[in-house]
Amino acid sequence: MRPSRLTSSRCCRKPQEVLIVEFAFYLSAAVAVAATFCVVTGVNAVHALLNLVVSLIAIAMVYFSIGAPSAAILEIIVYAGAIMVLFVFVVMMLNLGQAAVEQEKAWLRPGIWLWPSIMAALLLAVLVFTLFMDSRGYGVGGVTQTPKQIGMALFGPYIVLVELAAFLLLGALVAATHVGRDEGHQDQAGDRPEGLK
Amino acid sequence: MNLTLTHLFALLPLIIVGITVVVVMLSVACRRNHFLNATLSGCGLILALLSVFWVQCSDHGSQLPTLVSPMVAVDSYSLFYIGLILVAALACIVFAYAYFDRLKVHREEFYLLLLCSTLGAMVLVSAVHMASLFIGLELMSVPLYGMAAYIFKRQQSLEAGIKYLVLSAVASSFLLFGMALLFAAYGELGFAELGLKLVSVDYLDTWTIIGVGMMVIGLAFKLSVAPFHMWTSDVYEGAPAPVSAFLATVSKVAVFAVLVRFFILAPTFSVKLHTVIAVLAVLSMLTGNLLALRSHNIKRLLGYSSIAHLGYLLTAVVVLRSGVSDGAGELSESGQLVLEATGVYLVGYVLTSLGTFGVVALATHADSANRDTSELRGLAQRRPVLAVCMAFMLLSLAGIPLTAGFIGKFYVLALTVNGELWWLAASVIVGSAIGLYYYLRTIVELFLPTDDATVTAANGRGQALGALVVVIAAALTLWIGIFPEPIITMVNSALPVGL
């Protein structure tokens, strides 16, 4: 099963390019699947999160390979860059004390960081390789989608859904703040917002 | 493409609910007042309901169906189900007010979540595109996680929320993967465009069937159809009773309506797929009823019975295999029967579910962790009106004549006979026979004397209003059971776009 953009743009390409693009696509996809598998099987929260970062970057590479660089860059900035780093910080901050230090020492064993590093290195190789090919005139993906086109789509036919996505975030935020509230500090009357105490 | 005034007018019910969300949010931020915020939410929903009639009946109504962007279509079909959803959500707000009135937790966020979820359900029934289907489904489900886990100090409630979250996320990934497979094969996301491509190919390849199948799995989870029903009983039992009512009515109506619309606009005509759906239907009827036999907790029992009812309803989707159009763009006879059966059955199902869950919400204590059927035992002594309504609703769920449930079941049987689906007809009858036993058992419980004198009837305007809603639901059930003409006319005029 190939992505449709790849298939549709095949007509105007040499077979060799298609091979390279497919190679990049399948390699990144394989890394994403392997890294996600490690996330699920990992027993340590931080290790799992680091694997998740690799998985997200691999998905970004998939986007690159099918010609959606804006989505790929957003994936890296928002998910791998902002959200995951926040997760890692929070999880690491919760593990304090002597036990945590010893654990940290144990984390430095090469067996633990080796696999994520190899997978990240593979992704880097894919990136360098495809960039190198691109500079010689070979395109990475099918039809490249520019940020302008994406913006026009989002605020054209998809405008209603963009507004609804805002409500989705609001609903998720309210649900999370309610369930995550510290009940121990709740005022007895229950008729005052948390911030005003 | 630009949004014109016509588009905005057609979207009026959604816009009003959206504004209500913002107003309630600001009001909660200013002052926490349970009564005020519940009233604001209720007024917003009533306004939205009025606007549904306005959109339907006004001059612009002649311009229906309005395709607001390629994603959302407002036609008489979606307006009908939006109306049904709004009525159900309104009843849930009344029950929630009575239920949460005695609790010392932050109660106001509940209405915010309920409104967001209702908005999602309204988008879902208007969806004609994969993107709006997915956003609508998520907008409906995500606030529901918070609603199911709302009384998070009670372990059961938290468990219900987490269970629903995890399993729902799995279902969403199935749905997304199915959509991706269809997009990869045909390059279309709109239902109608996809349908055109599907019609033009002679032979459906394996990937298409897997794609549609995965979408059906994702939606079947939300409908809690067997064998994707494992979460239902625990979530229904653990969640606060008004949330169970919301889950059983609003979320199921919305998902079922969009499922029917999808199969109308993008018919697959694949025998394999429809055999699978028929098997799901038979399994749900039998599993739901057999599991309900063994359960003594009223919320679990109602949860299992809703599985069985969705099984009866799924026969409509099985019959959709032959399509609803007769080839000349007109509604075929079997197509009309499918739409009629779906609409009438859903109206009856929503009314009775609201009634039964409403009685459970009103009659049981919000503080008690365990609510067994025995808690409803002797309800006739304490709350005679509620007990009579509950008994009548249970009769309607069982499909006794003179109730809306009978009309619905009659339609389902007519569908199976018309489509010559004898196995389905047989399982509808077997399922109803089993169902009769536990519904009657519950009714007997209601009228048994109780020796528990400590249980006192709760008072307050919430309780009174809740009882009024239950009585209205019972009266409507009776009215539809005796005189179904108006509701059938209404359902018949609610045709989806593309017909």
Side-chain angles (χ1 to χ4, degrees), chain A residues 1-10 22 25 29 33 36 40 59 62-63 66 68 142-143 150 152-197, chain B residues 1-3 7 11 14 17-18 21-22 25 28-34 68-72 103-110 112-113 115-117 119-120 123 129 131-132 134-136 138-147 149-150 152-153 158 161 165 180-181 183-187 207:
Chain A
M1 201 77 203
R2 295 186 186 89
S4 64
R5 280 198 191 120
L6 225 57
T7 326
S8 60
S9 57
R10 178 168 293 176
E22 285 195 5
F25 176 83
V33 171
T36 314
V40 177
I59 291 167
V62 171
Y63 285 143
I66 60 174
V143 188
I150 293 171
M152 280 168 68
L154 279 184
F155 288 92
Y158 283 84
I159 180 74
V160 181
L161 295 189
V162 172
E163 299 295 328
L164 288 169
F167 278 103
L168 175 59
L169 290 179
L170 175 71
L173 190 66
V174 172
T177 45
H178 175 77
V179 177
R181 218 176 63 243
D182 190 359
E183 268 297 290
H185 293 286
Q186 203 213 340
D187 44 342
Q188 289 302 307
D191 58 356
R192 207 181 295 171
E194 285 292 293
L196 292 181
K197 281 193 316 224
Chain B
M1 84 154 264
N2 293 317
L3 284 181
H7 294 139
L11 278 183
L14 278 88
V17 175
V21 171
V22 177
M25 182 175 67
V28 174
C30 285
R31 188 156 170 270
R32 281 194 176 273
N33 183 324
H34 187 207
V68 187
S69 77
M71 319 284 153
V72 179
L103 281 187
K104 291 286 174 220
V105 290
H106 283 194
R107 298 163 291 196
E108 290 77 10
E109 284 94 337
F110 184 83
L112 212 49
L113 293 175
L115 287 171
C116 282
S117 194
L119 186 62
V123 174
H129 193 272
S132 49
F134 187 70
I135 290 272
E138 289 301 295
L139 182 53
M140 188 180 78
S141 310
V142 169
L144 264 172
Y145 310 150
M147 281 159 75
Y150 199 78
F152 51 89
K153 274 190 290 183
L158 196 59
L165 186 150
L181 284 179
F183 182 66
Y186 297 99
W207 289 110

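Scope of the values below: all heavy atoms of this structure, side chains included, with no hydrogens, waters or symmetry mates. Numbers restart at 1 for each chain; the letters A, B, ... are given by sequence-line order, proteins then strands.
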Side chain, backbone, both or neither: which part of L158(B) has a non-hydrogen atom closer than 4.5 Å to chain A? side chain
Would you say OH of Y186(B) has more than 12 non-hydrogen atoms from neighbouring residues, nucleotides or ligands within 6.0 angstrom? yes
Give, as side chain, backbone, both or neither, the part of Y150(B) having an atom under 4.5 angstrom from any heavy atom of chain A. both
Given that the side chain runs from C-beta out, which part of V179(A) has a heavy atom under 4.5 Å from chain B: side chain, backbone, both or neither? both
Can you check whether L161(A) reaches M71(B) side chain to side chain, under 4.5 Å on heavy atoms? yes
Identify which of V22(B), L14(B), L11(B), L119(B) forms the greatest number of heavy-atom pairs closer than 4.5 Å to chain A. L119(B)
Checking M25(B) against chain A: side chain, backbone, both or neither under 4.5 Å from a heavy atom? side chain
Identify which of V160(A), V174(A), L173(A) forms the greatest number of heavy-atom pairs closer than 4.5 Å to chain B. V174(A)
Under 30°, 30 to 60°, or over 60°: which ring-plane class applies to H129(B) and Y158(A), parallel, tilted or perpendicular? perpendicular
Heavy atoms of P70(B) and P157(A) approach each other most closely as CD-CB, 3.5 Å
Do V142(B) and L169(A) have side chains that get closer than 4.5 Å, going by heavy atoms? no
How long is the straight-line distance from CD1 of I159(A) back to NE2 of H7(B), given to the nearest 0.5 Å? 13.5 Å
Side chains of H178(A) and F152(B): does their closest heavy-atom pair fall under 4.5 Å? yes
